[in-house]
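Letters A, B, ... are given to chains in the order of the sequence lines, protein chains preceding strands, and every chain is numbered from 1. This structure is a prediction, so every number in the text was calculated from the model and none was measured.
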Amino acid sequence: MREMIRMVLVLTILSAFSGGLLAAIRDNTKEKIENQQLQFVKGPAINAIFEGASNNPIADRFKLTDGEIERSFFVGVFDGEARSVALESYGKGYGGDVGLMVGINLKDDTIIGVGVTTHAETPGMGAKAKSDPDFAAQFKGVSVKEPIKVTNDGGAIGAISGATITSRAVCSAATDVADVYKRLKPQLEEKLKAFNK
Amino acid sequence: MAKSLAQEFAKGLWEEIPPFRLVLGLCPVLAVTKTVENGIGMGLATTFVLVCSNMLVSMLRKIIPSKVRIACFIIIIATFVTVVELLMQAFAYPLFLKLGIFIPLIVVNCIVLGRSEAFASKNGVVRSIADGLGMGIGFTISLGCLGAVRELFGNGTLTFWETPIQIFGPSFQPFAFMVEAPGAFVCLGLMLCLMNLAGSK
């Protein structure tokens, strides 16, 4: 009996100690990790969407609460006027969540560009969503007022051959962004005024 | 037959070098050695975990009841692996992206558990640290070598700190087999064979 108590005690103390240590390290590295992710995962997509912008879209970001979720928006300034925002959302892909950064022009409610940030799709098939510029280019100029769909589902986006699930995931992520955008548009316009130069 | 501290350290470098002599921990050895950089990064992460877990296991060896020792070892190892994962995300994000899933898998790497069970739970703290460090460095060197061979023939480059260096010049035809999974097996087998030849005298 004493041995049993000792086993339980040692394991409990060990687990509690390890939990405490990890929580402390996590707290201290959280901000740093977020910055690294911005730079290496979201950074390339954001910079590609806002090509030619006169500001640094990664530095010019703000957060808005949408219902209970807090979302990060990135601002693109063109010709001294802040008129576009980018937002990330996720769609269910073949190998997990597909992250998509979508840039939207507030003046005419169209997409100015999209870029896949994170994914676990099959190389050579679904992974083309990220590597094939032709696929992403199809989203340019698409209106966000209608749900965005692949051609099989009656939409305008041609799916990547052999990767319909991935293509659908990208479209659903884009539609999700459009929904958030429509909900928050008045607040976004208000926020963007601060970035006009 | 007690070994000196230096011998305890040095045995990990040749005599008992983990992937070749002990043939332990082959999963990361085969999976991440596509480039030198990945191999060395993985090796260093494993070294850190090995040294820390060896130290702690050895410190706690009198307290840990023998019936639940494996569970205790796993808690200790898993904690340090998570520490490595967080630190790598914070300070070496590009490397973390490449090593991905293999960092959490250090938990089930047989070398780490093997050293805790076979060495640290029976020896003092200083000797355990020396053993962990030796094993870790041996593992890093092995991964580095395997990575170098595979990358050199499979890609014609050697990568250090994000900058691939072209070795064979532009006319080189990459031997793509080497960077695929079967190439890793063949390469590991050949290196094992060479090591046995060298040590068989």
Side-chain angles (χ1 to χ4, degrees), chain A residues 1-47 58 93-99 101 115-124 126-127 130-131, chain B residues 31 34 41 45 48-49 52-53 55-104 106-107 112 116 120-121 161-162 176 179-181:
Chain A
M1 193 59 198
R2 273 197 61 194
E3 201 195 354
M4 252 232 328
I5 295 170
R6 204 178 133 203
M7 287 197 282
V8 173
L9 206 67
V10 169
L11 271 176
T12 313
I13 293 171
L14 212 56
S15 311
F17 181 73
S18 108
L21 180 76
L22 289 181
I25 292 181
R26 198 186 121 83
D27 263 8
N28 283 315
T29 51
K30 205 175 165 198
E31 204 172 311
K32 188 113 190 159
I33 291 173
E34 208 167 291
N35 283 337
Q36 296 264 319
Q37 278 174 343
L38 276 177
Q39 193 184 338
F40 289 104
V41 180
K42 299 177 186 168
I46 295 168
N47 287 331
I58 298 170
Y94 191 69
D97 282 348
V98 177
M101 187 66 73
V116 173
T117 50
T118 53
H119 72 88
E121 304 305 295
T122 322
K130 185 175 179 140
S131 58
Chain B
K34 277 181 191 167
F48 174 83
V49 175
C52 293
S53 65
M55 183 178 77
L56 210 61
V57 165
S58 158
M59 268 157 63
L60 300 174
R61 72 185 189 278
K62 300 233 164 66
I63 306 168
I64 293 173
S66 65
K67 279 184 186 159
V68 289
R69 65 179 191 285
I70 299 290
C72 291
F73 297 164
I74 293 283
I75 293 176
I76 292 170
I77 295 166
T79 307
F80 285 116
V81 169
T82 317
V83 169
V84 167
E85 196 185 355
L86 287 171
L87 290 180
M88 201 179 251
Q89 280 190 64
F91 298 104
Y93 203 80
L95 188 64
F96 172 77
L97 283 182
K98 274 185 250 158
L99 296 181
I101 184 73
F102 294 102
I103 293 296
I106 298 176
V107 178
V112 187
S116 295
S121 62
W161 303 120
E162 298 282 293
V179 288
E180 306 286 343

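Looking at B:L56, there are no atoms closer than 4.5 Å to chain A (heavy atoms on both sides), in backbone or side chain. Interface remark: A:L21 contributes side-chain atoms only to the contact with chain B (heavy atom separation under 4.5 Å).
Between B:Q89 and A:Q36 the shortest heavy-atom distance is O-CG, 3.6 Å. In plain terms, the two heavy atoms of A:L22 and B:T79 that are nearest each other are CD2-O, 3.6 Å.
Side chains of B:C72 and A:L11 form a contact here, defined as non-hydrogen atoms less than 4.5 Å apart.
More than 12 heavy atoms of other residues, nucleotides or ligands sit less than 6.0 Å from atom CZ of A:F40. Counted within 6.0 Å of OH on B:Y93, heavy atoms from surrounding residues, nucleotides or ligands total more than 12; the atom is thus considered enclosed.
One distance of note links OG1 of A:T12 with CD1 of B:I75; it measures 8.5 Å at 0.5 Å rounding. Taken from CD1 in A:I25 to CG in B:L86, the straight-line distance is 7.0 Å, to the nearest 0.5 Å. For the atom pair A:E3 CD and B:K67 NZ, the distance stands at 4.0 Å (nearest 0.5 Å). Here the straight-line distance linking atom CZ of A:R6 with atom CD1 of B:I64 works out to 9.5 Å at 0.5 Å rounding.
Among the candidates B:L87, B:L97, B:T82, B:L60, the residue making the largest number of heavy-atom pairs closer than 4.5 Å to chain A is B:T82.
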